[in-house]
Asks: 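Starting off with a structure, shown below.
Chain identifiers are assigned alphabetically (A, B, ...) following the order of the sequence lines, protein sequences preceding nucleic acid strands; residue numbering begins at 1 within each chain.
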Protein chains: 2
Amino acid sequence: MFDEDQAVDAAMRVFWASGYEATSTQELCTATGLGRSSIYNTFSSKRALFDLALRRYMEQTTSAQLELIRRTDLPIRERVRQILWRAVEPDPGDPSGCLVINTVVELGPTDPELVEILDRDHAVKLKALALEIRAAQTAGEVDASRDPEALADYVYVVLGGLRVAARRGAATRVQESVIEAALHAF
Amino acid sequence: MFDEDQAVDAAMRVFWASGYEATSTQELCTATGLGRSSIYNTFSSKRALFDLALRRYMEQTTSAQLELIRRTDLPIRERVRQILWRAVEPDPGDPSGCLVINTVVELGPTDPELVEILDRDHAVKLKALALEIRAAQTAGEVDASRDPEALADYVYVVLGGLRVAARRGAATRVQESVIEAALHAF
DNA sequence: CTCGTTTTGGATAGCTCGGTCCAAAACCTG
DNA sequence: CAGGTTTTGGACCGAGCTATCCAAAACGAG
């Protein structure tokens, strides 16, 4: 009789901050305010809860990103800038970095099942962005000789790099100037 | 009476592949071929051994990178290209990604001591690269209006992003085209 | 070869881990 | 209020964790 969404949300933040292995079930209990029984009754296992948390994180971030990618009222360059800026201006109180990136790094090589989930999500964003880049090319906003998919991949590699930098605690102004440098590639 | 360097090397690869938390002392024993006693006698703790492994990794990669950065016989653009290419063409048999990036992501927010070590190393590379970029600017190779330090930061953000992509198992040709896109920013 | 030191394997300690279980409490439905 | 179901707290489980200990083996100096 508790709010499952709220519990998943709390778990998500703990995993996000500390990683999968370093997060104990005890910490999940205190973070969610629930007892062991409630958690295991509802979510079956630590791993299953992690899956839910990761999916929830992806839903939130991906939908927000797609929305931004499709803002056809903005030049593509501006949309890309804002995508990257979001990595630099996180909500205060949120853990640093990005749960998806953290998961790729920590569990990628040992958990193909997880990688597949992440890849599917990644592919959606890439495709959407490449589509918009192509449109921008026909509109003359972007050099038509460039490969739209390569550019989309590039944007997400830079975003990943920014997320890593955030985990190191890189200064905001460093990240900002990196974004401006990155936009020169367009 | 065993080869300490060899043991650190073996440990390094296990940590690199699986991360700190997910690596058990048992795995370190089998990977090094040593017994628990030998390891604890020589290295004191799992954490201390990790420190050594990380430092060793940094020594190797940083020296190689500095060497490349200072290849004044090559245009700066070419040097940057090769730095990035190394992320795409790892030695076969090496774990995917980069131990430094993995460590930043896994332990960065919870281990300031470690972050300091990583930062010092990072700063050395950044400074060296910025210096060469500045030189390239006075030589007319690079647009003089750009900030050399921002460009150096940019290169290392892209490199980090590539290392994350490698952990996901990104196709080589995707990474290649990302590098070419990234070089457009110069 | 001998004796003092170092290194080794293997048992073991002491915890914490993820996960289970069950009785009591809280909750619905009529 | 009653009765059956769901949810909860908290004791508990076996396993695996990091780290220690110690006796035997290997080593090195004289």
Asks: Would you say B/S38 places a side-chain N or O within less than 4.0 Å of OP1 or OP2 belonging to C/dT7?
Replies: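 Checking C/dT7 against B/S38, no side-chain N or O comes under 4.0 Å of OP1 or OP2.
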Asks: Taking only residues at least two apart or on different chains, which pairs with a member in residues 61-120 of chain A satisfy ring pair (Phe, Tyr, Trp, His ring centres under 6.0 Å)?
Replies: none
Asks: For nucleotides 23-27 of chain D, list the nitrogen or oxygen atoms of the protein found under 3.5 Å from its nitrogen or oxygen atoms, one pair per line.
Replies:
none

Asks: State which residues pass side-chain contact (heavy atoms from CB on, under 4.5 Å) with B/D73; sequence neighbours excluded, sorted by chain then number.
Replies: B/R71
Asks: For A/R55, give me all partners under salt bridge (charged side-chain N to carboxylate O under 4.0 Å, His left out), at least two apart in sequence or on another chain.
Replies: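 With neighbours one apart ignored, the set is A/D51.
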Asks: Once side-chain hydrogen bond (donor to acceptor under 3.5 Å, both in side chains) is applied, do any residues pair with A/Q65, and if so which ones, sequence neighbours excluded?
Replies: A/Y156
Asks: If the helix axis at each end comes from five base pairs, how far does the helix from C/dC1-D/dG30 to C/dC27-D/dG4 deviate from straight, to 10°?
Replies: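 Comparing the axis at each end, I get an angle of 10°.
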Asks: Report the residues that fulfil salt bridge (charged side-chain N to carboxylate O under 4.0 Å, His left out) with A/D143, sequence neighbours left out, ordered by chain and then residue number.
Replies: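 Testing A/D143 for salt bridge (charged side-chain N to carboxylate O under 4.0 Å, His left out), a comparison that skips the adjacent residues, returns none.
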Asks: Name the orientation class of the two ring planes belonging to B/F15 and B/Y20 (parallel below 30°, tilted from 30 to 60°, perpendicular beyond 60°).
Replies: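 Parallel, since the angle between the ring planes stays under 30°.
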Asks: Assign a letter to each nucleotide of nucleotides 11-18 of chain C from its 5' end: B, base within under 4.0 Å of a protein heavy atom; S, sugar-phosphate only; -, no contact.
Replies: ------SB
Asks: Quickly work out the A/L28 CG to C/dG19 P distance and round it to whole Å.
Replies: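 Answer to the nearest Å: 10 Å.
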Asks: From CG of A/L34 over to P of C/dG19, roughly how many Å is that when rounded to an integer?
Replies: 16 Å
Asks: Expressed in angstrom and rounded to an integer, what is the separation of A/D3 atom CG from D/dT8 atom P?
Replies: 12 Å
Asks: Rounded to the nearest angstrom, tell me the gap between atom CZ in A/F2 and atom P in D/dT6.
Replies: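 From A/F2 CZ to D/dT6 P: 15 Å.
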Asks: Kindly write out the residues that satisfy salt bridge (charged side-chain N to carboxylate O under 4.0 Å, His left out) with B/E78, not counting sequence neighbours, or none if the list is empty.
Replies: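 Salt bridge (charged side-chain N to carboxylate O under 4.0 Å, His left out) list for B/E78, sorted by chain: B/R81.
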Asks: A/N41 CG to D/dT5 C1': how many Å, rounded?
Replies: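 In whole Å, D/dT5 C1' lies 13 Å from A/N41 CG.
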Asks: Using the side-chain contact (heavy atoms from CB on, under 4.5 Å) criterion, which residues pair with A/D3? Sequence neighbours excluded.
Replies: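 A/D3 satisfies side-chain contact (heavy atoms from CB on, under 4.5 Å) with A/D5, A/Q6 only.
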Asks: Return each pair, listed once, that meets salt bridge (charged side-chain N to carboxylate O under 4.0 Å, His left out) where at least one residue sits in residues 144-157 of chain A; pairs must be two or more places apart or across chains.
Replies: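 Qualifying pairs, neighbours excluded: A/R134-A/E149.
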Asks: Roughly how far, to the nearest 0.5 Å, is the CD1 atom of A/I69 from the NZ atom of A/K127?
Replies: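 A/K127 NZ to A/I69 CD1: 13.0 Å, rounded to 0.5 Å.
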Asks: How would you list, by chain and number, every residue that makes a side-chain hydrogen bond (donor to acceptor under 3.5 Å, both in side chains) with B/T30, sequence neighbours excluded?
Replies: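 Testing B/T30 for side-chain hydrogen bond (donor to acceptor under 3.5 Å, both in side chains), a comparison that skips the adjacent residues, returns none.
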